[in-house]
Amino acid sequence: MKQYNPAEIENKWQQKWKEEKRFEVQNHQPGKQNRYVLIEFPYPSGKGLHTGHVRSYSAMDAVARKLRIQGYNVLFPMGCDAFGLEAERTAIREKKLPQEIVARNIATFKKQLQKLGLSVDWSREINTSDPDYYKWTQWQFLQFYKHGLAEKREMLVNYCPNCGVLANEEVEDGKCCQCGRDTTQKPKEQWILKITNYADRLIDDLALTNYMPHIKTSQINWIGRSEGVEVDFATTAGVNFSIFTTCIETIYGITFMVVAPDGKIVKELKPYITNWDEVSEYQKQTAKKSDFMRCELNKDKSGVQLKGVMAINPVNGKQVPIYAGDFVLASYGTGAVMAVPAHDQRDFEFAAKHNIGGNIQVISGGDVTEHAFEKTDYLGKGCILINSEQFTGQIVEEAKKNITDYLVKKGIARKNQNYRLSDWCFSRQRYWGEPIPMVYCDKCGWQPVPEDQLPVTLPIVDNYEPDKEGNSPLARIDSFVNTTCPCCGGVAKRETDTMPGWAGSSWYYMRYCDPNNSKEFASSDALKAWLPVNLYNGGNEHTTRHLLFARFWNKFLFDIGLSPVKEPFDSRVSQGIVLGANGVKMSKSLGNVVDPLDVINQYGADALRVWEAFMGDYFETVNWSDDGTKSAFRLLNRIWNMKEVLVENNVTELDYAINHAIKKVTEDIDNIKFNTAIAEIMTCTNEIYKLNKIGKAQYKNFVTLISPFAPHIAEEIFEECGFGEFKDQTWPTVDESKLVLTQIELPVQVNGKVRAVIKVAADASADEVKNIALQVTEVLKYVTGDIKKVIYVPKKILNFIV
RNA sequence: GCUGGUGUGGCGGAACGGCAGACGCACACGACUCAAAAUCGUGCGGGAAACCAUGUGGGUUCAAAUCCCACCACCAGCACCA
């Protein structure tokens, strides 16, 4: 049998598509509906793409191509998320400019993507580090600022005495990943965006989307809305502070309080604390830990008592000790908690460690001597309060309400919501990012750069390494820093922090709609034409960050009338990762990286794409296999060679198989079940080989079915067989009449075990089926004694219970 | 620890209340060939059988890989969120 030559065919068609501008779309195409298929744009690392990345690109390309054949006007764009730490570090290592590194990496990516034969509209390509693009990122930042959603706030940053401010990923076990020195947490003024203002809407509006359920769940949990009560506590020192609790029903069980060591409460209490040396030492220890370490690695419940001062429980006037404990974070809630060891395991362990005796059980129904009796155990079980004065005897749920009302009436408590989500730290002390377009004037304070002066471009400089003091490298460049105040015209200094990598990626899908607009980030008409994105594909790791940031960003633009939609993405899916053949993540150091270009050279892009679709469920993790591409190549050859057995008229015996395939492949692509779509095409191929003939019209339809996955070979077959221009082909429709079976095979069970399979008419009645089954010896063998019950599920099963 | 997810032949996987193992890989055999590769075809969970098999143990059901409860293992993300 002949083998086709993928290299020749693929080059030919890729060239042709380019010349014809086949995949360039207009925002409006008369008579066609728009569809927007989006895949997260790649971060152009120096490593290039491996076969793991190919999976989502080729899969979404298949979706886009099918929609196009179905008659939609499809936007399927591509670009590069070009700002970021990796490019900067590579540049430093190679002593080049980040701009050069990015240009080089983008070229590699583009070559790889184009060899795959993606149906991308390259005329809309964007790059977030292009001044024409980041001008609008800066412009949008200014809108956040002007609407009070951006401000400077003191935040804790990772700090290394040698390398300056570090990203979380640059800290490992409390040490700097570059030089190995111990890192600390240092407070620093940072720009933040108030995403928490949108917390409720970010949860509630998920109802307007069709994201996969686990993606919605992840976002809801990440935002972490909790309803509770903020209660004021007095102290013997006369200083008051508030705590936040979701378990107000346990307030009579308080035996101590815990405050964040680095919070403002400790500062206010300082004059009254008699063991300040000890407390101050504990603060230093805390500064060495990141929030994550404070939460995860602090299994020992470290803490220190603030001696000389006691807190007063507002419900009964009881005095309890106050501790500083690093498991309490200054940034969450009020930075203080009430501790009830009898009903909170964390408090229980803290009390045990610090020998705080006298645990008070206030909810009956559990034993609290060895372990706390927590809310997950007592809520909704009708448990009642004990040891709680006038609330004793009430059911937990009632008591919760009554205690809250009582405290609110007394004016010392407020119902409140707290969010796990914190505001978005938007400053980076790095070179390779969008400069934040703000100017500081001693007289006028922070002033936005006038919009007509945008973009504030990144100066091209030799030395852009991070600063040891923790300042941005831009701060060293006088010509950049020194400017005039837009307000008073006096001397002023530019902000030298840059934006995080998440900035440019928060609105890139909007720019694709109108990529060359120099007057606005995208015209309202273009946005209305394409938004919301119909299908957005991206990695699971972005579910809680990028996806949330992008939704927040859009909501803000919607509020100020610049986005036409409340939610930017209608549906969101995440592909499973492709591991190396040895079952671990592809990485250069492990030597299991497969370059898609190598595979394409051997078997062609079509075979690679088909194998990527077939290798497993799209949402699950799968292992790469070299043999897989070979099997896909084999399938394509089998389809290719059907040309030799072509007959003029349709082969009736194939009607069922072909129509079944049309139905199954159509539904499977719609449902992102690419693996079973390919399996169906294989099954149908086997049928065709059994008969060893296929009608022209049948072949044309069958080839169309594989074309979203193997577009090059499909167009070549069309040309060779004289099927006309592929771009005029429409997606085949199912002839349901060919799928109607008159006879079906029905499994017959006795007591739930299959004993025989009988052939019956598809529309046979229960009695008819029963009578036929009871003539089969295999069935009769097991039907002994009376038949107690007969279950017949039409076309599915017949079950005798004896 | 928390959150989300996953456990099915030698392997990748399918089925997601109704014949477990579709489809493919690997393997074996046959055809073609001087021969090999390629190709085409046949077989392929275990067991002599009764039967046993979808991580483990329970439960619901006429019927469970699928639904419920408990547990174990693995993967990913993380900020002990009071």
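Proteins come first, then strands; the chains are lettered A, B, ... in the order of their sequence lines, and each starts at number 1. Quantities reported herein were computed from a predicted structural model and do not represent experimental measurements.
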Does [X] place a side-chain N or O at less than 4.0 Å from the phosphate oxygens OP1/OP2 of [N]?
X        : N     : answer
A/Asn686 : B/G24 : yes
A/Lys630 : B/A26 : yes
A/Asn675 : B/A14 : yes
A/Arg755 : B/C19 : no
A/Arg634 : B/A37 : no
A/Arg545 : B/C78 : yes
A/Ser226 : B/A82 : yes

**Asked** Taking atom types as they are modelled, is there a donor-acceptor pair under 3.5 Å from the base of B/C25 to the side chain of A/Asp627?
**Response**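 Absent.
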**Request:** Please list, by residue number, the residues of residues 607-620 of chain A whose heavy atoms come closer than 4.0 Å to an atom of RNA chain B; answer none if no residue qualifies.
**Result:**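 Contacting residues: A/Phe614, A/Met615, A/Asp617, A/Glu620.
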Could you measure between the two [atom1] atoms, the one in [N] and the one in [M], and give it in whole Å?
N     : M     : atom1 : value
B/U60 : B/C68 : P     : 15 Å
B/U54 : B/G7  : P     : 14 Å
B/A79 : B/C25 : P     : 44 Å
B/U6  : B/G17 : P     : 14 Å
B/G45 : B/G12 : C1'   : 16 Å
B/C29 : B/A36 : P     : 12 Å
B/A31 : B/C16 : P     : 41 Å
B/G1  : B/C71 : P     : 12 Å

**Item:** Distance in Å, A/Asp423 CG paired with A/Tyr198 OH, rounded so as to fall on 0.5 Å steps
**Value:**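 One finds 12.0 Å between CG of A/Asp423 and OH of A/Tyr198.
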**Message:** Using a heavy-atom cut-off of 4.0 Å across all strands, would you classify A/Asn540 as base, sugar-phosphate, or nothing?
**Reply:**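 The residue A/Asn540 makes no contact with any strand.
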**Request:** Compute the centroid of each ring, for A/Phe327 and then for A/Phe350, and state whether the two points are separated by less than 6.0 Å.
**Result:**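 Centroid distance A/Phe327-A/Phe350: below 6.0 Å, so yes.
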**Request:** Select from A/Gly335 and A/Val622 the residue whose nearest nucleotide in RNA chain B is closer to the 5' end of that strand.
**Result:**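 Checking each residue's closest nucleotide, the 5'-ward one belongs to A/Val622.
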**Request:** Could you give me the stems involving RNA chain B, meaning stretches of three or more consecutive Watson-Crick or G-U wobble pairs whose two defining distances are both below 3.5 Å?
**Result:**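 The stems are B:1-7 with B:72-78, B:10-12 with B:23-25, B:27-31 with B:39-43, B:55-59 with B:67-71.
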**Prompt:** Taking the inter-plane angle between the rings of A/Tyr603 and A/Phe633 on a 0 to 90° scale, is it parallel (under 30°), tilted (30 to 60°) or perpendicular (over 60°)?
**Reply:**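 Tilted, since the angle between the ring planes falls between 30° and 60°.
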**Item:** Summary of salt bridge (Lys or Arg N to Asp or Glu O under 4.0 Å) pairs that have at least one residue in residues 220-231 of chain A, sequence neighbours excluded
**Value:**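 For residues 220-231 of chain A: A/Asp200-A/Arg225, A/Asp204-A/Arg225, A/Glu230-A/Arg414.
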**Request:** State the syn/anti category of B/G9 according to its glycosidic angle, syn meaning within 90° of 0.
**Result:**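 In terms of base orientation relative to the sugar, B/G9 is syn.
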**Asked** Of A/Lys663, A/Lys673, A/His660, which meets side chain to side chain donor-acceptor pair (under 3.5 Å) against A/Glu680?
**Response**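 Checked A/Lys663, A/Lys673, A/His660 against A/Glu680; only one passes side chain to side chain donor-acceptor pair (under 3.5 Å): A/His660.
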